[in-house]
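No hydrogens, no waters, no symmetry mates; every other heavy atom, side chains included, goes into these values. Quick caveat: nothing in here was measured; it's all calculated off a predicted structure. Just so you know, ligand 1 is whichever comes first in the structure, and atom 1 is the first atom listed for that ligand.
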Amino acid sequence: MHRRAVLAGLGAVAASAPVAQAAQKPGWMSPLLPEGTRDAATLVRLPGKQPLIELTNRPPNYETPIDAFSNVITPNDRFFIRYHLGEIPDMDALKNWSLTIGGDAAERPLKLTMADLKKDFAQTEITAVCQCSGNQRGLFEPHVPGVEWGYGAMGNAVWRGVRLKDVLAKAGVKPGALEIWMGGADGPVMPATPPFRKSLPVQLAQRDDVLLAFSMNGQPLPHLNGFPLRVIVPGWTGTYWIKHLTSLEISTKPLPNFWIQKAYRVPAGMFPVDLPFTSQNDNATWPITEMVVNSVVATPLDGAKVTRSGFTVRGVAWDRGHGIKTVEVSFDGGTSWKPAVLDKDLGKYAFRGFSLASGALPPGPCKVMARAVSNAGETQATTLLRNPAGYHRNLPQTLTVSVA
Ligand SMILES: Nc1nc2c(c(=O)[nH]1)N[C@H]1C(S)=C(S)[C@@H](COP(=O)(O)O)O[C@H]1N2
Ligand SMILES: [Mo]
């Protein structure tokens with residue numbers, strides 16, 4: 001539906017509203033990004049958004065500046081935007097939205113409006129991190145092709161909606177159901193480009209915390225974060241979190257689509273998973289699924305000037321749903337580590353805020369690092385786990401501030 005309705009004016013808005021200042025760049029973009037990336041990037045203000053780092057404008061790919069992660073909840077107007085395809089329906093087109101549920105393993109195919117969804121199903125909420133598989137890809141050495149994300153292709157929000165499993169139950173899941181195929185209202189500019197579709201193993205779709213969300217941090221979903229309805233798959237990378245969701249198919253077959261069978265794959269067994277996506281695994285590669293344990297420092301910014309009385313490090317840590325056990329911070333480039341103070345636990349799929357004061361410091365450069373351990377005992381990588389698409393980078397972040 002609405003395939004031809006273009007996101008009106010995005011290009012024009014993007015071109016006309018750069019708000020970057022050269023002096024800001026050292027802080028909000030990592031010095032590890034490829035040569036030229038930092039110079040070329042601009043902060044752009046899209047409708048309804050605070051300035052985001054523009055990586056591409058059609059399709060729209062916009063990163064959250066790292067200072068946003070001093071908040072454990074990412075505000076809607078600072079939340080990153082990631083699309084694969086250029087044809088995005090505008091808000092008017094999406095007002096006629098509905099969701100169809102069918103497929104060869106559905107007992108009773110049905111169609112739901114937003115009103116049906118809100119009145120016929122119990123509503124629930126979860127706080128969860130949506131992180132793009134390629135977050136931090138731009139920091140891979142050697143560099144790999146793809147959108148050159150720094151640290152900000154992620155955000156944590158309170159999602160409200162209905163359970164996917166309840167909606168599937170209404171349509172009736174036949175024995176033999178293997179996957180839930182999901183499609184959204186956006187589409188390719190060129191008909192030869194495969195539409196962006198993903199699927200979930202049926203066992204995962206039965207989990208209580210996999211939602212169809214219409215609200216984010218107490219507000220309707222922002223247009224470019226999936227209005228009016230998106231899938232929430234806590235613990236799994238953002239690629240499964242289909243935006244502008246229009247179709248669910250309960251299927252006895254693996255989804256045959258480029259975006260799951262060719263793209264978004266990692267070497268088999270390279271990263272830990274609790275729920276393998278067996279119907280889409282092959283001998284050499286698996287679909288990327290569960291996130292890896294990771295942390296970022298939001299403040300101070302890389303390159304900041306601080307006084308000898310010291311500063312407080314603040315950031316967030318997250319994993320694939322076991323929760324964060326500890327975060328340690330180093331003020332001497334990794335020689336010694338101290339436990340950070342963890343904020344209140346907002347749930348095992350949420351960002352866990354942390355902070356630590358440095359105390360008094362000698363003048364000169366100070367190398368700050370952070371590293372997290374999950375409740376599963378998983379730690380951040382100590383050497384880069386290279387994979388062709390540049391996924392799951394979780395080396396401890398290192399930033400240098402100057403003490404004067
Ligand atoms: N319809 C649709 N949904 C989509 C995508 C897309 O291109 N189209 N991209 C996915 C990917 S790869 C990511 S990382 C998340 C990003 O969500 P956001 O744009 O709300 O930050 O949306 C996912 N859902
Ligand atoms: Mo993504």
Inset, instruction - Give the single entry among A185, G238, C130, P60 that approaches atom 13 (C) of ligand 1 most closely by any heavy atom. - result: G238
Legend entry - Side chain, backbone, both or neither: Y240 near ligand 1, heavy atoms under 4.0 Å: neither
Inset, instruction - Could you tell me whether the side chain of W318 and the main chain of S295 form a donor-acceptor pair under 3.5 Å? - result: no
Inset, instruction - Using only heavy-atom distances, determine whether the side chains of E179 and S251 contain a donor-acceptor pair under 3.5 Å. - result: no
Legend entry - Residue D186 vicinity, atoms of ligand 1 by number, heavy atom under 4.0 Å: 1 (N), 2 (C), 6 (C), 7 (O), 8 (N)
Inset, instruction - Compute both the distance and the angle, then confirm whether R371 meets the cation-pi test with W337: under 6.0 Å from the six-membered ring centre, within 45 degrees of the axis. - result: yes
Legend entry - Atom pair CG/CG of L178 and L200 - distance to nearest 0.5 Å: 11.5 Å
Inset, instruction - Could you check atom 6 (C) of ligand 1 against the protein and tell me its nearest heavy-atom contact, residue, atom and distance included? - result: F196 CD2, 3.5 Å
Legend entry - Per-residue contact class, T239 against ligand 1 - non-hydrogen pairs under 4.0 Å: both
Inset, instruction - Identify the protein heavy atom lying closest to atom 19 (O) of ligand 1, giving its residue, its atom name and the separation to 0.1 Å. - result: K243 NZ, 2.5 Å
Legend entry - Distance-only N or O hit between ligand 1 and F80, under 3.5 Å: yes
Inset, instruction - Examine the side chains of N156 and T74 and answer whether a donor and an acceptor come within less than 3.5 Å of each other. - result: no
Legend entry - Polar contact flag, side-chain donor to acceptor under 3.5 angstrom, T239-K198: yes
Legend entry - Min N/O separation W241 to ligand 1 under 3.5 Å: yes
Inset, instruction - Below 4.0 angstrom from a heavy atom of R230, which ligand 1 atoms are there? Numbered from 1 as shown, please. - result: 15 (C), 16 (C), 17 (O), 18 (P), 20 (O), 22 (O)
Inset, instruction - Would you please indicate yes or no on a ring centroid separation below 6.0 angstrom for Y264 and H84? - result: yes
Inset, instruction - Identify the protein heavy atom lying closest to atom 7 (O) of ligand 1, giving its residue, its atom name and the separation to 0.1 Å. - result: H84 ND1, 2.8 Å
Inset, instruction - Can you sort out which atoms of ligand 1 are near N225, meaning under 4.0 Å from one of its heavy atoms? - result: 18 (P), 19 (O), 20 (O), 21 (O)
Inset, instruction - Take S247 and R197, measure what side chain to side chain contact (heavy atoms under 4.5 Å, CB included) needs, and give me the verdict at the end. - result: CA-CA 10 Å; S247 72; R197 308 193 68 200; 3.8 Å; yes
Legend entry - Atom indices of ligand 1, in the order listed, that fall short of 4.0 Å to a heavy atom of F79: 21 (O)
Legend entry - Within the 6.0 Å centroid threshold, strictly below: F80 and Y151: no
Legend entry - Close-contact set for ligand 1 against Y83 heavy atoms, below 4.0 Å: 7 (O)
Legend entry - Result of checking T246, L248, T113, L110 against L99 for side chain to side chain contact (heavy atoms under 4.5 Å, CB included): L248
Inset, instruction - Decide whether an N or O pair under 3.5 Å exists between H244 and ligand 1. - result: no
Legend entry - Test of proximity, Y264 against ligand 1: N or O pairs below 3.5 Å: no
Inset, instruction - Answer yes or no: does an N/O atom from Q131 fall short of 3.5 Å to an N/O atom of ligand 1? - result: no
